[in-house]
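Some notes on the structure that comes next.
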Amino acid sequence: MNSRLQAVRGMNDLLPEAIGDWQRVEAVARGIFADHGYAEIRMPLVERSELFARSIGAATDIVEKEMYAFQDRSGDMLALRPEGTAGCVRAALQHGLLHNQQPRFWYQGPMFRYERPQKGRYRQFQQIGAECFGIPDADIDAELILLTARLWRELGLSGVTLEINTLGTPDDRQVYREQLVAYFGGHRGLLDEDSKRRLEQNPLRILDSKAPEMQALIDEAPRLLDSLGGASRAHFDRLCAILDRAAVSYEINTRLVRGLDYYTHTVFEWVGEHLGAQNALCGGGRYDGLVEQLGGKPLPATGFSIGVERLVDSLRAVGVSAASATPDCFVVSVAAPAGEALVAAEELRDAGLAVICNCDAAGFKSQLRRADRSGARVAVILGEQESATGQVGIKPLRGDGEQQTVARADLVATVKQLSKG
RNA sequence: GUGGGCGUAGCUCAGCUGGUAGAGCUCCGGAUUGUGGUUCCGGUGGUCGUGGGUUCGAGCCCCAUCGCUCACCCCA
């Protein structure tokens with residue numbers, strides 16, 4: 001057993017008992033996107049490494065340390081996608097979908113990052129994402145947030161809070177970055193090791209440090225919100241006004257910076273209270289510079305992505321889970337002529353029923369036990385006596401009701417009546 | 001990459017200061033020679049993660065290694 005092959009670290013099997021919750025999430029999400037006019041798009045799992053270096057940022061951990069990158073047989077540098085936005089922009093540009101259009105897309109699928117796994121973080125993980133192009137107004141940022149809020153509502157998820165912030169324009173950010181470097185640089189002695197490193201690489205990240213000894217210093221740090229340009233300020237104010245009007249509660253978290261280089265203006269995160277340290281259920285924001293960065297004409301864009309494992313975990317934590325699918329009936333057969341059981345099952349399925357057919361020569365008792373454990377509402381019994389007289393036994397397995405023996409020709413009608421009850 | 005916790009049956013776990021490996025659940029069979037769920041009885045199933053060391057003797061002690069898990073980093 002110990003020499004048996006195991007799944008790759010951080011890449012998990014989704015077993016049948018868990019699949020119902022996943023299918024429910026996917027079905028509800030699909031319905032909501034349809035109701036908002038978002039079109040599904042499916043991209044390859046593999047892209048050129050360069051795409052991610054140019055979008056997410058060559059100096060970010062995701063690209064530097066966490067990409068599954070490899071050379072294919074022609075020598076091209078490829079990578080398993082670590083997120084969906086870059087590929088979606090690439091696909092939209094490649095197929096001319098952004099020309100004089102304002103498309104809204106959604107997608108769903110696995111992403112890959114080489115990190116140490118922990119609760120809510122895996123090397124292969126599933127995201128449901130959306131991207132909207134060509135709309136500069138805060139209204140579309142708000143629509144995305146309302147859409148996710150609706151998703152939580154329809155799924156029955158509670159215990160999530162919305163945090164929002166703005167990163168302004170690249171110019172706003174550059175000015176702010178210098179302020180931060182000056183501020184934290186002036187208190188270099190108070191910084192922990194991680195923050196000293198961030199001071200060089202990505203000063204904004206110091207803001208969301210978890211180190212307790214850093215909190216006081218961070219509280220006193222300058223806030224981007226205070227030095228925002230007029231247009232940026234107006235964009236953020238409008239977003240807040242819309243959320244207020246729509247009665248979506250939120251917290252302004254001036255420390256929320258998010259990791260990817262391409263964000264501008266609005267950033268937001270839904271945080272789940274039932275998760276571990278990896279508690280961001282959904283992250284998103286605006287990325288007005290990315291389309292141009294990837295070779296398109298300048299075009300505003302905004303989007304989000306949901307970590308489906310985290311969403312499913314949260315749903316379980318609040319006690320919302322999908323009932324597992326059970327068959328309508330189970331066909332038991334002992335000493336029946338060859339094919340009788342399968343043909344009976346086929347007739348039942350033709351009538352729209354879900355049927356499990358016993359397919360081995362197990363004893364009567366054993367087959368009936370299987371029927372019971374399958375969750376089926378009725379057992380159809382094809383035994384020696386029934387076969388001899390051209391009849392079938394029909395036994396309700398749930399609640400009241402006596403077993404009855406009916407003519408073979410009445411099988412479907414009888415079962416259908418019972419199993420709908 | 002760094003740190004903590006944990007590896008005993010398919011699952012959840014017990015196992016005394018070292019003395020021949022256990023329970024519950026699951027599964028299979030029987031009590032009921034053609035009737036499930038409750039009950040009772042019986043059975044299948046383990047190189048105690050792996051390798052080495054100490055010892056008359058190791059699931060238990062020591063070293064190493066692998067795996068899982070949680071946290072840091074980073075992020076969905």
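Below, read A as the first sequence line, B as the second, and so on, with proteins coming before strands; counting in each chain starts at 1. The model shown is predicted, which means the values in this text are computed figures rather than measured ones.
Of the residues in residues 150-165 of chain A, none lies under 4.0 Å from RNA chain B by heavy-atom distance.
Ion pairing between a basic and an acidic side chain is recognised when a charged N comes within 4.0 Å of a carboxylate O; Glu50(A) and Arg90(A) show no such pairing. We find that Asp139(A) and Arg238(A) are joined by a salt bridge, their nearest charged nitrogen and carboxylate oxygen being less than 4.0 Å apart. Between Asp219(A) and Arg255(A) a salt bridge is recorded (basic side-chain N to carboxylate O distance below 4.0 Å). Salt-bridge check for Arg398(A) with Asp372(A): passed, with a basic side-chain N closer than 4.0 Å to an acidic carboxylate O.
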Reading nucleotides 68-76 of chain B from the 5' end, what letters show protein touch, with B for base, S for backbone sugar-phosphate only, - for no heavy atom under 4.0 Å? S-SBBBBBB
Using a 4.0 Å heavy-atom cut-off, write out nucleotides 28-33 of chain B from 5' to 3' as B (base contacted by protein), S (sugar-phosphate only) or - (no contact). SS----
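Nucleic acid contact for Glu64(A): none, since no nucleic acid atom lies under 4.0 Å from a heavy atom of the residue. Residue contacts shown for Gln367(A) are absent, as no nucleic acid heavy atom lies under 4.0 Å away.
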Given Watson-Crick or G-U pairs with both distances under 3.5 Å, what dot-bracket string fits RNA chain B, with | for other-strand pairs and [ ] for crossing? (((((((..((((.....[..)))).(((((.......))))).....(((((..]....))))))))))))....
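Distance CG (Asp372(A)) to P (G37(B)): 7 Å, rounded to an integer number of Å.
In summary, of the residues considered (Asn165(A), Leu180(A), Leu256(A)), a side-chain contact (heavy atoms from CB on, under 4.5 Å) with Leu207(A) occurs for Leu180(A) alone.
Applying the side-chain contact (heavy atoms from CB on, under 4.5 Å) criterion to Leu315(A), with sequence neighbours excluded, gives Arg24(A), Val25(A), Leu155(A), Leu157(A), Leu311(A), Val320(A). Taking the ring pair (Phe, Tyr, Trp, His ring centres under 6.0 Å) definition, one finds that His187(A) meets it with Tyr183(A), sequence neighbours left out.
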